[in-house]
Amino acid sequence: MIDLKYLEKNFDEASAKLAKKGVKSEILDELKELFANLKKAKAQFESKRAEQKSLSKEFGAYKAQGKDISELKEKLDRLKEEAASLQAKADEIEQKLLQTALAIPNFPDDSVPEGESEDDNVEIKKVLTPKEFSFTPKEHWELAEINGWIDFERGVKLAKSRFAILRNDAAKIERALINFFLDFNAKNGFNEVCVPVLNNSKMLLGTGQLPKFEDDLFKVEGEDLYLIPTAEVALTNMYNDEILSADELPILLTAYTPCFRKEAGSAGRDTRGIIRQHQFDKVEMVAITKPEQSDEIFEKMVQNASDILTALGLPHRLVELCGGDLGFSAARTIDLEVWLPGQNRYREISSVSNTRNFQARRAKIRYKEGKKNILTHTLNGSALAVGRTLIAIMENYQNEDGSIDIPEVLKPYMESKI
RNA sequence: GGACAGGUGGGUGAGUGGCUGAAACCACACCCCUGCUAAGGGUGCGUGUUCGAAAGGGCACCGAGGGUUCGAAUCCCUCCCUGUCCGCCA
(Lines give C-alpha, C1' and ligand atoms only; values in the text may rest on other atoms or scores of the structure.)
Protein backbone atom coordinates (compact mmCIF):
# COMPACT_ATOMS: atom_id res chain seq x y z
CA MET A 1 0.00 0.00 0.00
CA ILE A 2 1.21 3.49 -0.68
CA ASP A 3 1.90 5.88 2.17
CA LEU A 4 -1.31 7.85 2.60
CA LYS A 5 0.33 10.54 4.69
CA TYR A 6 2.80 11.12 1.91
CA LEU A 7 -0.07 11.33 -0.56
CA GLU A 8 -1.83 13.83 1.69
CA LYS A 9 1.16 16.10 2.09
CA ASN A 10 2.68 15.86 -1.39
CA PHE A 11 -0.34 15.25 -3.52
CA ASP A 12 0.95 16.68 -6.80
CA GLU A 13 4.25 14.90 -6.56
CA ALA A 14 2.58 11.63 -5.65
CA SER A 15 0.08 11.92 -8.42
CA ALA A 16 2.80 12.69 -10.97
CA LYS A 17 4.66 9.57 -9.92
CA LEU A 18 1.61 7.38 -10.27
CA ALA A 19 0.74 8.91 -13.61
CA LYS A 20 3.78 7.06 -14.90
CA LYS A 21 1.97 3.86 -14.07
CA GLY A 22 -1.19 5.09 -15.71
CA VAL A 23 -3.09 5.86 -12.52
CA LYS A 24 -5.62 8.65 -12.99
CA SER A 25 -5.45 11.51 -10.55
CA GLU A 26 -9.21 11.41 -9.92
CA ILE A 27 -8.89 8.21 -7.97
CA LEU A 28 -6.14 9.80 -5.91
CA ASP A 29 -8.32 12.81 -5.24
CA GLU A 30 -10.96 10.45 -3.99
CA LEU A 31 -8.46 8.63 -1.85
CA LYS A 32 -7.15 11.82 -0.33
CA GLU A 33 -10.64 12.94 0.52
CA LEU A 34 -11.53 9.60 2.05
CA PHE A 35 -8.41 9.80 4.16
CA ALA A 36 -9.30 13.25 5.43
CA ASN A 37 -12.87 12.19 6.10
CA LEU A 38 -11.74 9.15 7.97
CA LYS A 39 -9.56 11.21 10.27
CA LYS A 40 -12.43 13.54 10.98
CA ALA A 41 -14.90 10.73 11.57
CA LYS A 42 -12.49 8.90 13.81
CA ALA A 43 -11.76 11.97 15.89
CA GLN A 44 -15.48 12.50 16.40
CA PHE A 45 -16.03 8.93 17.43
CA GLU A 46 -13.03 8.87 19.72
CA SER A 47 -13.96 11.94 21.70
CA LYS A 48 -17.49 10.63 22.12
CA ARG A 49 -16.16 7.30 23.24
CA ALA A 50 -13.75 8.97 25.67
CA GLU A 51 -16.69 10.77 27.25
CA GLN A 52 -18.61 7.55 27.49
CA LYS A 53 -15.73 5.73 29.10
CA SER A 54 -15.03 8.30 31.77
CA LEU A 55 -18.71 8.54 32.71
CA SER A 56 -18.85 4.80 32.82
CA LYS A 57 -16.15 4.83 35.45
CA GLU A 58 -18.18 7.21 37.56
CA PHE A 59 -21.06 4.83 37.22
CA GLY A 60 -19.11 2.17 39.03
CA ALA A 61 -18.19 4.57 41.82
CA TYR A 62 -21.79 5.74 42.21
CA LYS A 63 -22.99 2.20 42.49
CA ALA A 64 -20.38 1.33 45.07
CA GLN A 65 -21.55 4.28 47.15
CA GLY A 66 -25.17 3.30 46.76
CA LYS A 67 -26.07 6.54 44.98
CA ASP A 68 -28.93 6.88 42.55
CA ILE A 69 -27.75 5.90 39.08
CA SER A 70 -30.87 6.19 36.97
CA GLU A 71 -30.01 9.62 35.61
CA LEU A 72 -26.47 8.62 34.84
CA LYS A 73 -27.61 5.48 33.11
CA GLU A 74 -29.93 7.42 30.89
CA LYS A 75 -27.10 9.72 29.90
CA LEU A 76 -24.82 6.78 29.24
CA ASP A 77 -27.38 4.99 27.14
CA ARG A 78 -27.60 8.03 24.96
CA LEU A 79 -23.82 8.40 24.73
CA LYS A 80 -23.52 4.76 23.84
CA GLU A 81 -25.91 5.13 20.96
CA GLU A 82 -24.20 8.25 19.67
CA ALA A 83 -20.81 6.65 19.85
CA ALA A 84 -22.04 3.57 18.05
CA SER A 85 -23.41 5.55 15.16
CA LEU A 86 -20.23 7.62 14.91
CA GLN A 87 -18.24 4.41 14.89
CA ALA A 88 -20.39 2.90 12.18
CA LYS A 89 -19.79 5.99 10.08
CA ALA A 90 -16.04 5.83 10.59
CA ASP A 91 -15.98 2.12 9.81
CA GLU A 92 -17.83 2.67 6.59
CA ILE A 93 -15.36 5.30 5.46
CA GLU A 94 -12.44 3.15 6.49
CA GLN A 95 -13.82 0.25 4.54
CA LYS A 96 -14.13 2.36 1.42
CA LEU A 97 -10.68 3.87 1.93
CA LEU A 98 -9.07 0.48 2.29
CA GLN A 99 -10.83 -0.84 -0.75
CA THR A 100 -9.55 2.08 -2.80
CA ALA A 101 -6.07 2.24 -1.28
CA LEU A 102 -5.36 -1.45 -1.70
CA ALA A 103 -6.03 -1.18 -5.41
CA ILE A 104 -3.50 1.64 -5.96
CA PRO A 105 -0.18 0.39 -7.31
CA ASN A 106 3.20 1.28 -5.90
CA PHE A 107 5.05 4.47 -6.81
CA PRO A 108 7.65 3.86 -9.48
CA ASP A 109 11.15 5.11 -8.73
CA ASP A 110 12.05 8.44 -10.30
CA SER A 111 14.64 6.65 -12.41
CA VAL A 112 12.00 4.47 -14.09
CA PRO A 113 11.67 5.40 -17.77
CA GLU A 114 8.38 6.77 -19.07
CA GLY A 115 6.39 4.50 -21.34
CA GLU A 116 3.15 2.69 -21.86
CA SER A 117 4.01 -0.86 -22.74
CA GLU A 118 6.84 -3.32 -23.07
CA ASP A 119 7.80 -1.63 -26.33
CA ASP A 120 9.06 1.29 -24.25
CA ASN A 121 11.27 -0.78 -22.00
CA VAL A 122 14.94 0.14 -22.07
CA GLU A 123 17.63 -2.40 -22.85
CA ILE A 124 20.50 -2.07 -20.40
CA LYS A 125 22.93 -4.58 -21.82
CA LYS A 126 23.36 -7.84 -23.65
CA VAL A 127 25.29 -10.75 -22.19
CA LEU A 128 26.79 -13.43 -24.48
CA THR A 129 26.30 -13.38 -28.21
CA PRO A 130 23.70 -15.64 -29.79
CA LYS A 131 25.39 -18.32 -31.81
CA GLU A 132 25.05 -18.55 -35.57
CA PHE A 133 23.24 -21.66 -36.72
CA SER A 134 24.15 -23.27 -40.02
CA PHE A 135 20.53 -24.34 -40.31
CA THR A 136 17.20 -22.79 -39.40
CA PRO A 137 16.79 -23.35 -35.65
CA LYS A 138 13.52 -24.94 -34.61
CA GLU A 139 11.12 -23.76 -31.96
CA HIS A 140 10.95 -25.70 -28.73
CA TRP A 141 7.69 -27.48 -29.45
CA GLU A 142 9.07 -28.91 -32.65
CA LEU A 143 12.14 -30.09 -30.79
CA ALA A 144 9.91 -31.49 -28.05
CA GLU A 145 8.08 -33.55 -30.61
CA ILE A 146 11.22 -34.89 -32.23
CA ASN A 147 12.69 -35.90 -28.84
CA GLY A 148 9.49 -36.99 -27.14
CA TRP A 149 10.09 -34.51 -24.37
CA ILE A 150 6.68 -32.93 -23.84
CA ASP A 151 3.35 -34.75 -23.74
CA PHE A 152 0.81 -32.03 -24.33
CA GLU A 153 -2.20 -34.29 -24.92
CA ARG A 154 -1.90 -36.26 -21.74
CA GLY A 155 -1.19 -33.12 -19.70
CA VAL A 156 -4.47 -31.74 -20.93
CA LYS A 157 -6.17 -35.03 -20.18
CA LEU A 158 -4.99 -34.94 -16.58
CA ALA A 159 -5.99 -31.34 -15.99
CA LYS A 160 -6.99 -29.07 -18.83
CA SER A 161 -5.44 -26.95 -21.53
CA ARG A 162 -2.13 -25.26 -20.70
CA PHE A 163 -0.99 -28.18 -18.58
CA ALA A 164 1.71 -30.47 -19.91
CA ILE A 165 3.83 -33.45 -18.99
CA LEU A 166 7.61 -33.43 -19.33
CA ARG A 167 9.08 -36.77 -20.37
CA ASN A 168 12.46 -38.40 -20.73
CA ASP A 169 15.42 -36.03 -20.59
CA ALA A 170 13.16 -33.01 -20.33
CA ALA A 171 11.92 -34.23 -16.95
CA LYS A 172 15.50 -34.87 -15.88
CA ILE A 173 16.71 -31.48 -17.04
CA GLU A 174 13.82 -29.80 -15.23
CA ARG A 175 14.90 -31.45 -12.00
CA ALA A 176 18.58 -30.76 -12.64
CA LEU A 177 17.85 -27.10 -13.24
CA ILE A 178 15.98 -26.76 -9.97
CA ASN A 179 18.90 -28.21 -8.05
CA PHE A 180 21.44 -26.20 -9.99
CA PHE A 181 19.57 -22.94 -9.34
CA LEU A 182 19.13 -23.61 -5.63
CA ASP A 183 22.80 -24.45 -5.22
CA PHE A 184 23.85 -21.41 -7.19
CA ASN A 185 21.67 -19.11 -5.09
CA ALA A 186 22.87 -20.70 -1.87
CA LYS A 187 26.46 -20.05 -2.89
CA ASN A 188 25.56 -16.40 -3.20
CA GLY A 189 24.11 -16.13 0.25
CA PHE A 190 20.47 -17.02 -0.27
CA ASN A 191 19.03 -19.31 2.36
CA GLU A 192 17.14 -22.24 0.94
CA VAL A 193 13.68 -22.87 2.34
CA CYS A 194 10.81 -25.12 1.41
CA VAL A 195 7.38 -23.55 1.79
CA PRO A 196 3.66 -24.34 1.52
CA VAL A 197 2.34 -23.71 -1.98
CA LEU A 198 -1.10 -22.98 -0.59
CA ASN A 199 -1.24 -19.65 1.21
CA ASN A 200 -4.19 -17.86 2.84
CA SER A 201 -5.78 -14.61 1.72
CA LYS A 202 -3.95 -12.46 4.26
CA MET A 203 -0.63 -13.47 2.70
CA LEU A 204 -1.85 -12.84 -0.86
CA LEU A 205 -3.01 -9.44 0.32
CA GLY A 206 0.39 -8.78 1.86
CA THR A 207 2.28 -9.13 -1.40
CA GLY A 208 -0.39 -7.44 -3.50
CA GLN A 209 -2.03 -10.26 -5.44
CA LEU A 210 -5.27 -9.64 -3.56
CA PRO A 211 -7.71 -8.00 -3.66
CA LYS A 212 -7.16 -6.74 -7.19
CA PHE A 213 -5.94 -9.85 -8.99
CA GLU A 214 -8.14 -12.56 -7.55
CA ASP A 215 -9.12 -13.66 -11.06
CA ASP A 216 -5.55 -14.71 -11.75
CA LEU A 217 -5.44 -17.11 -8.83
CA PHE A 218 -6.57 -20.68 -8.28
CA LYS A 219 -8.58 -20.83 -5.08
CA VAL A 220 -9.28 -23.92 -3.03
CA GLU A 221 -12.99 -24.44 -2.73
CA GLY A 222 -14.40 -24.01 0.74
CA GLU A 223 -11.08 -22.92 2.23
CA ASP A 224 -9.31 -19.63 2.68
CA LEU A 225 -6.42 -20.92 0.58
CA TYR A 226 -4.93 -20.09 -2.79
CA LEU A 227 -2.32 -21.84 -4.89
CA ILE A 228 0.59 -19.42 -4.93
CA PRO A 229 1.35 -17.75 -8.28
CA THR A 230 4.97 -17.33 -7.17
CA ALA A 231 7.11 -18.29 -4.18
CA GLU A 232 7.48 -14.56 -3.57
CA VAL A 233 4.16 -14.76 -1.73
CA ALA A 234 5.29 -17.39 0.73
CA LEU A 235 8.85 -16.16 1.17
CA THR A 236 7.98 -12.52 1.73
CA ASN A 237 5.08 -13.30 4.03
CA MET A 238 7.17 -15.56 6.20
CA TYR A 239 7.75 -12.32 8.08
CA ASN A 240 4.18 -11.02 7.84
CA ASP A 241 3.26 -8.99 10.93
CA GLU A 242 6.69 -9.34 12.47
CA ILE A 243 9.15 -6.89 13.92
CA LEU A 244 12.66 -7.99 13.04
CA SER A 245 15.83 -6.90 14.72
CA ALA A 246 18.14 -4.69 12.69
CA ASP A 247 21.06 -7.07 12.88
CA GLU A 248 19.26 -9.93 11.15
CA LEU A 249 18.81 -7.86 8.01
CA PRO A 250 19.17 -8.32 5.16
CA ILE A 251 17.37 -11.64 5.00
CA LEU A 252 18.04 -13.46 1.74
CA LEU A 253 15.87 -16.43 0.83
CA THR A 254 15.48 -18.80 -2.04
CA ALA A 255 12.99 -21.53 -2.70
CA TYR A 256 11.80 -23.80 -5.42
CA THR A 257 8.04 -24.08 -5.84
CA PRO A 258 5.60 -24.88 -8.56
CA CYS A 259 3.60 -21.75 -9.41
CA PHE A 260 -0.03 -21.58 -10.43
CA ARG A 261 -1.63 -18.92 -12.56
CA LYS A 262 -4.98 -18.78 -14.27
CA GLU A 263 -3.46 -16.53 -16.93
CA ALA A 264 -6.77 -14.72 -17.15
CA GLY A 265 -6.63 -12.30 -20.03
CA SER A 266 -3.87 -14.19 -21.78
CA ALA A 267 -6.11 -16.20 -24.08
CA GLY A 268 -4.44 -16.66 -27.43
CA ARG A 269 -0.97 -15.67 -26.24
CA ASP A 270 1.77 -18.25 -26.46
CA THR A 271 -0.67 -21.10 -26.95
CA ARG A 272 1.94 -23.32 -28.53
CA GLY A 273 4.49 -25.00 -26.34
CA ILE A 274 5.07 -24.44 -22.66
CA ILE A 275 5.95 -20.75 -22.57
CA ARG A 276 2.71 -19.95 -20.75
CA GLN A 277 1.26 -22.69 -18.54
CA HIS A 278 -1.14 -22.74 -15.63
CA GLN A 279 1.48 -24.58 -13.61
CA PHE A 280 5.20 -24.02 -13.88
CA ASP A 281 8.31 -24.47 -11.78
CA LYS A 282 10.29 -21.53 -10.55
CA VAL A 283 13.18 -20.90 -8.20
CA GLU A 284 12.70 -17.57 -6.50
CA MET A 285 14.86 -15.16 -4.55
CA VAL A 286 13.39 -12.86 -1.92
CA ALA A 287 15.14 -10.25 0.18
CA ILE A 288 13.93 -8.41 3.26
CA THR A 289 16.19 -5.43 3.81
CA LYS A 290 16.64 -2.13 5.54
CA PRO A 291 15.66 0.74 3.23
CA GLU A 292 19.28 1.78 2.73
CA GLN A 293 20.26 -1.75 1.70
CA SER A 294 17.69 -2.42 -0.96
CA ASP A 295 19.40 -0.82 -3.96
CA GLU A 296 22.55 -2.81 -3.40
CA ILE A 297 20.63 -6.07 -2.87
CA PHE A 298 18.63 -5.36 -6.00
CA GLU A 299 21.81 -5.19 -8.07
CA LYS A 300 23.04 -8.37 -6.42
CA MET A 301 19.86 -10.21 -7.34
CA VAL A 302 19.96 -9.06 -10.95
CA GLN A 303 23.59 -10.05 -11.17
CA ASN A 304 22.87 -13.43 -9.64
CA ALA A 305 20.13 -14.23 -12.14
CA SER A 306 22.31 -13.07 -15.00
CA ASP A 307 25.24 -15.15 -13.78
CA ILE A 308 23.10 -18.27 -13.78
CA LEU A 309 22.21 -17.72 -17.42
CA THR A 310 25.85 -17.08 -18.22
CA ALA A 311 26.87 -20.27 -16.46
CA LEU A 312 24.37 -22.12 -18.61
CA GLY A 313 25.80 -20.45 -21.69
CA LEU A 314 22.50 -18.78 -22.52
CA PRO A 315 22.65 -15.39 -24.28
CA HIS A 316 20.39 -12.88 -22.61
CA ARG A 317 19.77 -9.20 -22.09
CA LEU A 318 18.79 -6.97 -19.20
CA VAL A 319 15.81 -4.72 -19.66
CA GLU A 320 14.62 -1.92 -17.42
CA LEU A 321 10.84 -1.86 -17.37
CA CYS A 322 9.10 1.40 -18.17
CA GLY A 323 6.38 2.81 -15.92
CA GLY A 324 3.54 1.37 -17.94
CA ASP A 325 4.95 -2.16 -17.90
CA LEU A 326 5.84 -2.16 -14.23
CA GLY A 327 3.96 -4.58 -12.02
CA PHE A 328 1.50 -3.55 -9.35
CA SER A 329 3.85 -3.79 -6.36
CA ALA A 330 7.11 -2.86 -8.02
CA ALA A 331 8.91 0.45 -7.70
CA ARG A 332 11.51 -0.77 -10.11
CA THR A 333 11.97 -3.93 -12.18
CA ILE A 334 14.68 -5.35 -14.35
CA ASP A 335 13.68 -8.22 -16.56
CA LEU A 336 16.14 -10.77 -17.87
CA GLU A 337 15.28 -11.94 -21.33
CA VAL A 338 16.86 -15.06 -22.76
CA TRP A 339 17.62 -15.50 -26.43
CA LEU A 340 15.38 -18.04 -28.17
CA PRO A 341 16.85 -18.77 -31.62
CA GLY A 342 13.76 -20.72 -32.67
CA GLN A 343 11.57 -17.71 -32.02
CA ASN A 344 14.40 -15.40 -33.11
CA ARG A 345 13.76 -13.09 -30.16
CA TYR A 346 14.44 -12.49 -26.49
CA ARG A 347 11.84 -13.78 -24.02
CA GLU A 348 11.40 -13.00 -20.33
CA ILE A 349 12.97 -15.61 -18.07
CA SER A 350 13.42 -13.62 -14.88
CA SER A 351 12.02 -10.51 -13.32
CA VAL A 352 13.70 -8.80 -10.39
CA SER A 353 11.75 -6.16 -8.50
CA ASN A 354 12.27 -3.79 -5.64
CA THR A 355 8.93 -3.03 -4.01
CA ARG A 356 10.48 -0.63 -1.49
CA ASN A 357 8.11 -0.59 1.50
CA PHE A 358 4.93 -1.17 -0.50
CA GLN A 359 4.55 -4.82 0.41
CA ALA A 360 6.08 -4.28 3.84
CA ARG A 361 3.35 -1.77 4.65
CA ARG A 362 0.63 -4.20 3.58
CA ALA A 363 2.27 -7.17 5.27
CA LYS A 364 3.41 -5.19 8.34
CA ILE A 365 7.03 -6.24 8.06
CA ARG A 366 9.11 -3.93 10.24
CA TYR A 367 12.42 -3.89 12.01
CA LYS A 368 13.53 -2.19 15.17
CA GLU A 369 15.98 0.66 14.89
CA GLY A 370 16.58 1.91 18.40
CA LYS A 371 13.10 2.50 19.77
CA LYS A 372 11.43 2.97 16.43
CA ASN A 373 9.81 0.40 14.20
CA ILE A 374 10.60 0.96 10.55
CA LEU A 375 9.07 -0.69 7.51
CA THR A 376 11.53 -2.92 5.70
CA HIS A 377 12.02 -3.05 1.96
CA THR A 378 11.12 -6.26 0.16
CA LEU A 379 12.55 -7.51 -3.12
CA ASN A 380 11.90 -10.51 -5.25
CA GLY A 381 13.28 -12.06 -8.38
CA SER A 382 13.26 -15.29 -10.30
CA ALA A 383 16.44 -17.28 -10.46
CA LEU A 384 15.07 -18.65 -12.62
CA ALA A 385 11.85 -19.71 -14.29
CA VAL A 386 12.61 -23.38 -14.81
CA GLY A 387 10.35 -24.25 -17.73
CA ARG A 388 11.52 -21.30 -19.74
CA THR A 389 15.11 -22.21 -19.04
CA LEU A 390 14.37 -25.67 -20.40
CA ILE A 391 12.98 -24.04 -23.52
CA ALA A 392 16.06 -21.87 -23.83
CA ILE A 393 18.34 -24.87 -23.51
CA MET A 394 16.37 -26.76 -26.13
CA GLU A 395 16.51 -23.96 -28.65
CA ASN A 396 20.10 -22.84 -27.98
CA TYR A 397 21.62 -26.29 -27.69
CA GLN A 398 19.81 -27.89 -30.62
CA ASN A 399 21.57 -29.69 -33.45
CA GLU A 400 20.46 -29.91 -37.04
CA ASP A 401 18.94 -33.35 -36.54
CA GLY A 402 16.84 -32.05 -33.67
CA SER A 403 18.93 -33.62 -30.93
CA ILE A 404 19.80 -31.45 -27.96
CA ASP A 405 23.09 -31.16 -26.08
CA ILE A 406 23.23 -30.85 -22.31
CA PRO A 407 24.97 -27.77 -20.90
CA GLU A 408 28.21 -28.65 -19.10
CA VAL A 409 27.16 -27.26 -15.74
CA LEU A 410 24.09 -29.47 -15.68
CA LYS A 411 25.90 -32.72 -16.27
CA PRO A 412 26.85 -33.22 -12.61
CA TYR A 413 23.16 -32.93 -11.84
CA MET A 414 22.29 -35.65 -14.33
CA GLU A 415 24.70 -38.34 -13.26
CA SER A 416 22.20 -41.10 -13.82
CA LYS A 417 22.22 -40.28 -17.51
CA ILE A 418 25.93 -40.13 -18.11
C1' G B 1 -12.89 -36.17 11.02
C1' G B 2 -14.20 -37.23 16.73
C1' A B 3 -13.16 -36.28 22.22
C1' C B 4 -10.85 -33.40 25.90
C1' A B 5 -7.54 -29.19 27.30
C1' G B 6 -5.83 -24.58 25.96
C1' G B 7 -4.81 -19.66 23.13
C1' U B 8 -2.63 -12.96 27.51
C1' G B 9 3.15 -8.38 25.83
C1' G B 10 10.24 -11.04 23.09
C1' G B 11 9.76 -15.63 26.68
C1' U B 12 7.53 -17.97 31.21
C1' G B 13 3.09 -16.72 33.43
C1' A B 14 -0.85 -14.01 36.90
C1' G B 15 -5.41 -12.06 35.96
C1' U B 16 -13.44 -14.70 36.20
C1' G B 17 -16.98 -7.87 35.21
C1' G B 18 -14.92 -1.42 36.84
C1' C B 19 -8.84 0.30 40.79
C1' U B 20 -5.86 -4.10 34.34
C1' G B 21 -3.01 -2.15 28.37
C1' A B 22 -2.42 -5.78 31.81
C1' A B 23 1.25 -8.36 38.25
C1' A B 24 5.66 -11.11 38.81
C1' C B 25 9.90 -13.35 36.86
C1' C B 26 13.30 -13.91 32.70
C1' A B 27 15.44 -11.62 28.49
C1' C B 28 16.89 -6.81 26.56
C1' A B 29 18.71 -1.40 26.92
C1' C B 30 20.80 2.53 29.76
C1' C B 31 22.73 4.28 34.50
C1' C B 32 24.98 3.59 39.46
C1' C B 33 27.87 0.71 42.90
C1' U B 34 31.77 -2.76 43.13
C1' G B 35 36.18 -4.54 41.06
C1' C B 36 37.60 -9.32 38.85
C1' U B 37 34.79 -13.05 35.95
C1' A B 38 30.40 -13.26 39.47
C1' A B 39 26.96 -10.20 41.87
C1' G B 40 24.00 -5.84 43.98
C1' G B 41 20.85 -1.37 43.11
C1' G B 42 18.00 2.06 39.84
C1' U B 43 15.31 3.31 35.34
C1' G B 44 13.12 1.99 30.85
C1' C B 45 10.95 -1.74 27.91
C1' G B 46 3.87 -4.26 23.36
C1' U B 47 1.50 -2.64 18.55
C1' G B 48 -1.21 0.70 15.62
C1' U B 49 -3.44 5.30 15.12
C1' U B 50 -4.65 10.36 16.32
C1' C B 51 -3.85 15.36 18.72
C1' G B 52 0.67 18.00 20.21
C1' A B 53 6.81 21.72 18.88
C1' A B 54 7.58 18.64 22.98
C1' A B 55 6.08 16.89 27.51
C1' G B 56 1.97 14.31 27.44
C1' G B 57 -3.12 13.02 26.15
C1' G B 58 -7.18 10.23 23.37
C1' C B 59 -8.84 5.76 20.82
C1' A B 60 -8.25 0.58 19.31
C1' C B 61 -6.00 -4.18 20.19
C1' C B 62 -5.19 -9.89 25.61
C1' G B 63 -6.21 -15.90 18.59
C1' A B 64 -10.42 -13.74 14.87
C1' G B 65 -15.41 -12.07 14.34
C1' G B 66 -20.10 -11.20 16.58
C1' G B 67 -23.20 -10.64 21.20
C1' U B 68 -24.64 -9.40 26.58
C1' U B 69 -23.52 -4.97 29.85
C1' C B 70 -23.44 1.81 31.78
C1' G B 71 -18.61 -0.99 31.70
C1' A B 72 -15.33 -7.24 29.09
C1' A B 73 -8.79 -10.03 28.67
C1' U B 74 -12.66 -11.68 32.15
C1' C B 75 -19.67 -13.81 30.58
C1' C B 76 -22.25 -15.96 25.83
C1' C B 77 -22.06 -17.60 20.45
C1' U B 78 -19.38 -18.82 15.87
C1' C B 79 -14.85 -19.65 13.61
C1' C B 80 -9.44 -20.36 13.52
C1' C B 81 -5.14 -22.28 15.73
C1' U B 82 -2.12 -25.27 19.30
C1' G B 83 -1.57 -29.65 22.55
C1' U B 84 -3.08 -34.73 23.91
C1' C B 85 -5.81 -39.18 22.73
C1' C B 86 -8.64 -41.83 18.84
C1' G B 87 -9.56 -42.46 13.49
C1' C B 88 -7.33 -41.88 8.56
C1' C B 89 -2.96 -41.32 5.68
C1' A B 90 2.50 -40.24 2.27
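Throughout, protein chains are lettered first and strands after them, A, B, ... in sequence-line order, and every chain is numbered starting at 1.
In the model, A:His377 has no side-chain atom that pairs as donor or acceptor with a side-chain atom of A:Thr355 under 3.5 Å.
In this structure, B:C19 forms no base pair with any nucleotide, since neither Watson-Crick nor G-U wobble geometry is met with both distances under 3.5 Å. As the counterpart of B:C89, no nucleotide is assigned, since no Watson-Crick or G-U wobble pattern has both distances under 3.5 Å. For B:A54, there is no paired base (Watson-Crick or G-U wobble, both distances below 3.5 Å). B:A5 and B:U82 make up a base pair, with Watson-Crick or G-U wobble contacts both under 3.5 Å. Across all strands shown, B:A24 forms a Watson-Crick or G-U wobble pair with B:U12, both key distances being under 3.5 Å. Pair assignment for B:A38 gives none, since no Watson-Crick or G-U wobble pairing has each distance under 3.5 Å.
An OP1 or OP2 oxygen of B:G71 is reached within less than 4.0 angstrom by a side-chain nitrogen or oxygen of A:Lys80. Put simply, A:Lys368 has no side-chain N or O that comes within less than 4.0 Å of OP1 or OP2 on B:G46. OP1 or OP2 of B:A60 has at least one side-chain nitrogen or oxygen of A:Lys53 nearer than 4.0 Å. Under 4.0 angstrom from either OP1 or OP2 of B:G48 there lies at least one side-chain N or O belonging to A:Arg366. Close to B:G58, at under 4.0 Å from its OP1 or OP2, lies no side-chain N or O of A:Arg49. A sub-4.0 Å separation between OP1 or OP2 of B:G48 and a side-chain N or O of A:Lys42 is absent.
Nucleotides B:U37 and B:G46 are separated by 35 Å at their C1' atoms, to the nearest Å. Remark: the separation of the C1' atoms in B:U84 and B:U69 is 37 Å, to the nearest Å. Separating the P atom of B:U74 from that of B:G21 is a span of 13 Å, rounded to the nearest Å. Distance check on atom C1': B:G56 versus B:C70 gives 29 Å, rounded to whole Å. Between B:C62 and B:G9, the two P atoms lie 10 Å apart (nearest whole Å). With both ends at atom C1', the span from B:A23 to B:U78 equals 32 Å, rounded to whole Å. Here, B:U12 and B:C19 have their P atoms 26 Å apart, quoted to the whole Å. As rounded to the nearest Å, B:G6 and B:C75 have P atoms that lie 12 Å from one another.
Put simply, CD on A:Gln44 is 15 Å from C1' on B:C51, counting in whole angstrom units. Whole-Å rounding puts the A:Glu82 CD to B:C70 C1' distance at 14 Å. Rounded to a whole Å, the CG atom of A:Asn37 is 19 Å from the P atom of B:U49. In this structure, the OH atom of A:Tyr62 is 23 Å from the P atom of B:U69, given to the nearest Å. Look at CG on A:Asp91: it is 9 Å from P on B:G66, rounded to the nearest Å. Note: CG (A:Leu98) to P (B:A60) measures 20 Å, nearest angstrom. A:Lys372 places its NZ atom 18 Å from the P atom of B:C45, with the value rounded to the nearest Å. Following rounding to the nearest Å, A:Glu46 (CD) and B:G52 (P) show an atom-to-atom distance of 13 Å.
Heavy atoms of A:Lys5 sit under 4.0 angstrom from primed sugar atoms or phosphate atoms, though from no base atom. Using a 4.0 Å heavy-atom criterion, one finds that A:Ile243 contacts the sugar-phosphate atoms exclusively. Residue A:Ala50 is classed as a sugar-phosphate contact, given heavy-atom separations below 4.0 Å to backbone atoms only. Residue A:Asn373 is classed as a sugar-phosphate contact, given heavy-atom separations below 4.0 Å to backbone atoms only.
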Exercise for the section: Please report the C-alpha distance between A:Tyr226 and A:Asn200 in whole Å, then the side-chain angles of each, then the deciding distance to 0.1 Å, and finally whether the side chain to side chain donor-acceptor pair (under 3.5 Å) criterion is met. Expected result: CA-CA 6 Å; A:Tyr226 296 81; A:Asn200 63 45; over 6 Å; no
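The 12-atom threshold is exceeded at CD of A:Glu248, counting heavy atoms of other residues, nucleotides or ligands nearer than 6.0 Å.
Using a cutoff of 4.0 Å between basic side-chain nitrogens and carboxylate oxygens, A:Arg332 and A:Asp295 are not scored as salt-bridged. With respect to A:Glu8 and A:Lys39, a salt bridge is recorded, a charged nitrogen being found less than 4.0 Å from a carboxylate O. With salt bridges taken as basic N to acidic carboxylate O contacts below 4.0 Å, none links A:Glu395 and A:Lys138.
For A:Asp151 (side chain) and A:Arg154 (main-chain N/O), a donor-acceptor pair under 3.5 Å exists by modelled atom type.
The residue among A:Ser54 and A:Phe35 whose nearest nucleotide of RNA chain B is located toward the 5' end is A:Phe35. Each of A:Gln52 and A:Lys57 lies near RNA chain B, and the nucleotide nearest A:Lys57 is the one positioned closer to the 5' end.
A tilted orientation is assigned to the rings of A:His278 and A:Phe163, their planes being inclined by 30° to 60°.
With B:G44, B:C70, B:C59 as the candidates, the nucleotide lying closest to the side chain of A:Ser56 is B:C70.
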